[in-house]
Trainee: 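Below you will find the structure I want to go over with you.
Along the sequence shown, residues carry numbers from 1. Keep in mind that what you see is a predicted model, and the values were worked out from it rather than measured.
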Amino acid sequence: LFRSSSAPLDANSANLIASCGPTSGLHPDFGTVYAGAPNGIPYVVVHGSQPRVPVSFYYGDESDPGPYPVPPYAPIEGGPSSTGDRHVIVIDADNWKLYEMFDAHPVSGGASWSGGSGAIFDMTTGTTRPAGWTSADAAGLPILPGLTRYDEVAIHHAIDHALRFTCAHSRKAYVSPARHSAGSGTSADLPPMGMRVRLKAGVDISSYSAANQVILKALKKYGMILADNGSNMFLAGAPDPRWNDDDLHNLTKIHGSDFEVVQMTGLVTAP
């Protein structure tokens with residue numbers, strides 16, 4: 001696993017952080033319920049016997065064609081009437097396949113689905129998108145591996161991977177592991193998709209709850225990866241009724257200026 005804590009600092013770290021909200025609090029974009037819907041990016045686990053259904057995407061040239069094993073009851077980010085990103089994530093536990101969709105809408109009660117884009121990932125090989133391709137996320141990354149999940153925090157007591165976050169403005173460029181950009185700016189001070197930041201080693205996390213310390217330790221060790229345009233310093237996670245929303249809110253005491261950028265190499269400028 002890549003440990004950001006031992007990687008060199010990017011020479012332009014200060015300017016890049018300045019573009020992504022140095023005074024913005026780290027916002028946990030997940031929890032129990034918000035606006036009547038589960039708060040975060042949900043997912044569902046199915047077995048190999050789950051029927052595959054047709055899918056269609058308006059970014060079909062950069063999407064993996066169906067059918068996908070999406071059950072009619074698959075949870076949609078923001079709820080069935082959401083006007084947001086409407087991500088749908090399905091894990092085929094028997095075949096170790098991950099299916100992700102953006103702007104997903106069930107058709108005829110889930111007999112088929114339509115959406116913006118879709119991607120299939122083989123969880124045994126770490127499949128990546130072709131260069132320049134999007135996924136269900138702007139950076140062309142799988143979403144599920146970057147989510148803060150309750151079972152890791154409260155049961156496993158450790159997060160052994162980088163997490164997913166957003167910035168309001170990004171560069172028209174990307175760095176590995178990203179494969180796609182979503183920004184329009186060209187300034188070297190704007191963050192490209194795939195940029196990894198880490199919580200500075202000297203940030204004192206001893207006053208935080210045990211659960212929040214699990215999250216903050218992961219942000220020191222593995223960092224978080226820019227995966228989409230969105231509000232500055234929004235940290236992605238999966239909803240769970242067992243989250244303590246008030247405790248999660250304490251993470252907002254951590255600010256963008258408490259992070260630094262891990263050295264980037266192999267920058268790809270989008271056409």
Trainee: Under the side-chain contact (heavy atoms from CB on, under 4.5 Å) criterion, do Tyr43 and Ile91 qualify, and how do the steps go?
Mentor: CA-CA 7 Å; Tyr43 60 91; Ile91 304 164; 3.6 Å; yes
Trainee: Above 12 or not: heavy atoms from other molecules or residues under 6.0 Å from NZ of Lys253?
Mentor: no
Trainee: Just jot down the ring pair (Phe, Tyr, Trp, His ring centres under 6.0 Å) partners of His87, sequence neighbours excluded, or say none.
Mentor: Phe102
Trainee: Could you go through Lys172 and Ser181, starting from their C-alpha distance and side-chain angles, then the distance that decides it, and tell me whether this counts as side-chain contact (heavy atoms from CB on, under 4.5 Å)?
Mentor: CA-CA 6 Å; Lys172 197 176 181 181; Ser181 70; 4.2 Å; yes
Trainee: Is the shortest heavy-atom distance from the side chain of Asp64 to the side chain of Arg129 under 4.5 Å?
Mentor: yes
Trainee: Any chance you could measure Tyr174, atom OH, to Arg179, atom CZ, to the nearest 0.5 Å?
Mentor: 7.0 Å
Trainee: What I'd like to find out is whether the side chain of Phe121 reaches to under 4.5 Å of the side chain of Leu141, using heavy atoms alone.
Mentor: no
Trainee: Testing Ile76, Val55, Val44 for side chain to side chain contact (heavy atoms under 4.5 Å, CB included) with Val88, which one passes?
Mentor: Ile76
Trainee: When hydrophobic residues are tied together by side-chain contacts of less than 4.5 Å, even through go-betweens, does Val203 share a cluster with Phe165?
Mentor: yes
Trainee: Quiz question: by atom type and distance under 3.5 Å, do the side chains of Ser170 and Asn229 form a donor-acceptor pair?
Mentor: yes
Trainee: Do side-chain atoms of Trp243 reach the backbone of Ala238 as a donor and acceptor pair under 3.5 angstrom?
Mentor: yes
Trainee: Roughly how far, to the nearest 0.5 Å, is CD of Glu100 from OG of Ser117?
Mentor: 10.0 Å
Trainee: Got a donor-acceptor contact below 3.5 angstrom from the Lys217 side chain to the Ile159 backbone?
Mentor: no
Trainee: Below 4.0 angstrom, N of the basic side chain to O of the carboxylate: do Asp92 and Arg52 qualify?
Mentor: yes
Trainee: Would you say the side-chain atoms of Arg196 pair up with the backbone N or O of Pro177, donor to acceptor, closer than 3.5 Å?
Mentor: no
Trainee: Look at the side-chain heavy atoms of Ile, Leu, Val, Met, Phe, Trp and Tyr, link any pair under 4.5 Å apart, and say whether Trp96 and Leu98 land in one connected group.
Mentor: yes
Trainee: Check the side chains of Ser135 and Asp137 for a donor-acceptor pair under 3.5 angstrom, ignoring hydrogens and angles.
Mentor: no
Trainee: Return yes if a side-chain donor-acceptor contact under 3.5 Å exists between His161 and Glu152, otherwise no.
Mentor: yes
Trainee: Check Thr166 against Ser231 and note the closest heavy-atom contact, atom names and distance.
Mentor: OG1-O, 2.7 Å
Trainee: Under the side-chain contact (heavy atoms from CB on, under 4.5 Å) criterion, do Met233 and Leu251 qualify, and how do the steps go?
Mentor: CA-CA 11 Å; Met233 292 293 162; Leu251 292 173; over 6 Å; no
Trainee: More than 12 non-hydrogen atoms from neighbouring residues, nucleotides or ligands closer than 6.0 Å to OH on Tyr208, yes or no?
Mentor: yes
Trainee: Work out which heavy atom in Pro28 is nearest to a heavy atom in Thr252; give both atom names and the distance.
Mentor: CD-CG2, 4.2 Å
Trainee: Using only heavy-atom distances, determine whether the side chains of Asn12 and Asp189 contain a donor-acceptor pair under 3.5 Å.
Mentor: yes
Trainee: Looking at Asp228 and Arg164, is there a salt bridge between them, counting it only when a charged N and a carboxylate O are closer than 4.0 Å?
Mentor: yes
Trainee: Side chains of Ile143 and Ile41: closer than 4.5 Å at any heavy-atom pair?
Mentor: yes
Trainee: Are Ile17 and Val175 connected in the hydrophobic side-chain network, where two residues link if heavy atoms are under 4.5 Å apart?
Mentor: yes
Trainee: What is the minimum heavy-atom distance between Arg86 and Ser82, and which atoms define it?
Mentor: NH1-O, 3.0 Å
Trainee: In Å, rounded to the nearest 0.5 Å, how long is the span from OG of Ser176 to CE of Met193?
Mentor: 15.0 Å
Trainee: Under 4.5 Å between any side-chain heavy atoms of Met224 and Phe259, yes or no?
Mentor: yes
Trainee: Can you name the closest pair of heavy atoms from Pro72 and Gly109 and give their distance?
Mentor: CB-O, 3.4 Å
Trainee: Show me the donor-acceptor pairs within less than 3.5 Å that the side chains of residues 262-270 make with the rest of the protein, sequence neighbours left out.
Mentor:
none

Trainee: Membership question, hydrophobic clusters at under 4.5 Å side-chain separation (ILVMFWY): are Tyr222 and Leu235 in the same one?
Mentor: no
Trainee: If we count only N and O atoms by modelled type, under 3.5 Å, do the side chains of Tyr58 and Asp103 hold a donor and an acceptor together?
Mentor: yes
Trainee: Would a 4.5 Å heavy-atom cut-off, applied to side chains only, mark Arg149 and Phe30 as touching?
Mentor: no
Trainee: Going by heavy atoms in the side chains, are Val197 and Met195 under 4.5 Å from each other?
Mentor: yes
Trainee: Which value, rounded to the nearest 0.5 Å, describes the distance between His27 atom NE2 and Leu248 atom CG?
Mentor: 10.0 Å
Trainee: How far apart are the C-alpha atoms of Asn39 and Val33, what are their side-chain angles, what is the distance that settles it, and do they pass the side-chain contact (heavy atoms from CB on, under 4.5 Å) test?
Mentor: CA-CA 5 Å; Asn39 184 16; Val33 175; 5.7 Å; no
Trainee: Taking Asn95 for its side chain and Lys97 for its backbone only, find out whether a donor-acceptor pair lies under 3.5 Å.
Mentor: no
Trainee: Can you tell me if NE2 on His105 sees more than 12 non-hydrogen neighbours from other groups inside 6.0 Å?
Mentor: yes
Trainee: Would you say Thr148's side chain and Gly237's backbone share a donor-acceptor pair under 3.5 angstrom?
Mentor: no
Trainee: Can Tyr150 be reached from Val214 by stepping across I, L, V, M, F, W or Y side chains whose heavy atoms are under 4.5 Å apart?
Mentor: yes
Trainee: Which pair of non-hydrogen atoms, one from Ser206 and one from Gln213, has the smallest distance, and what is that distance?
Mentor: O-NE2, 3.5 Å
Trainee: I'd like to know if the side chain of Ser13 reaches the main chain of Leu9, judged simply by a donor and an acceptor atom lying under 3.5 Å from each other, with no hydrogens or angles considered.
Mentor: no
Trainee: Would you say the side chain of Leu199 lies within less than 4.5 Å of the side chain of Leu216, judging by non-hydrogen atoms?
Mentor: yes
Trainee: Hey, could you give me the OG/CD1 distance between Ser207 and Ile205, rounded to the nearest 0.5 Å?
Mentor: 9.0 Å
Trainee: Is the closest side-chain heavy-atom distance between Leu26 and Phe234 below 4.5 Å?
Mentor: no
Trainee: Could you pull out the closest heavy-atom pair between Val90 and Pro71, with the gap in Å?
Mentor: CG2-CD, 4.3 Å
Trainee: If you measure only the distance, is there a donor-acceptor pair under 3.5 Å linking the side chains of Asp245 and Thr32?
Mentor: yes
Trainee: CG/Leu190 to OG/Ser19 distance, rounded to the nearest 0.5 angstrom?
Mentor: 5.0 Å
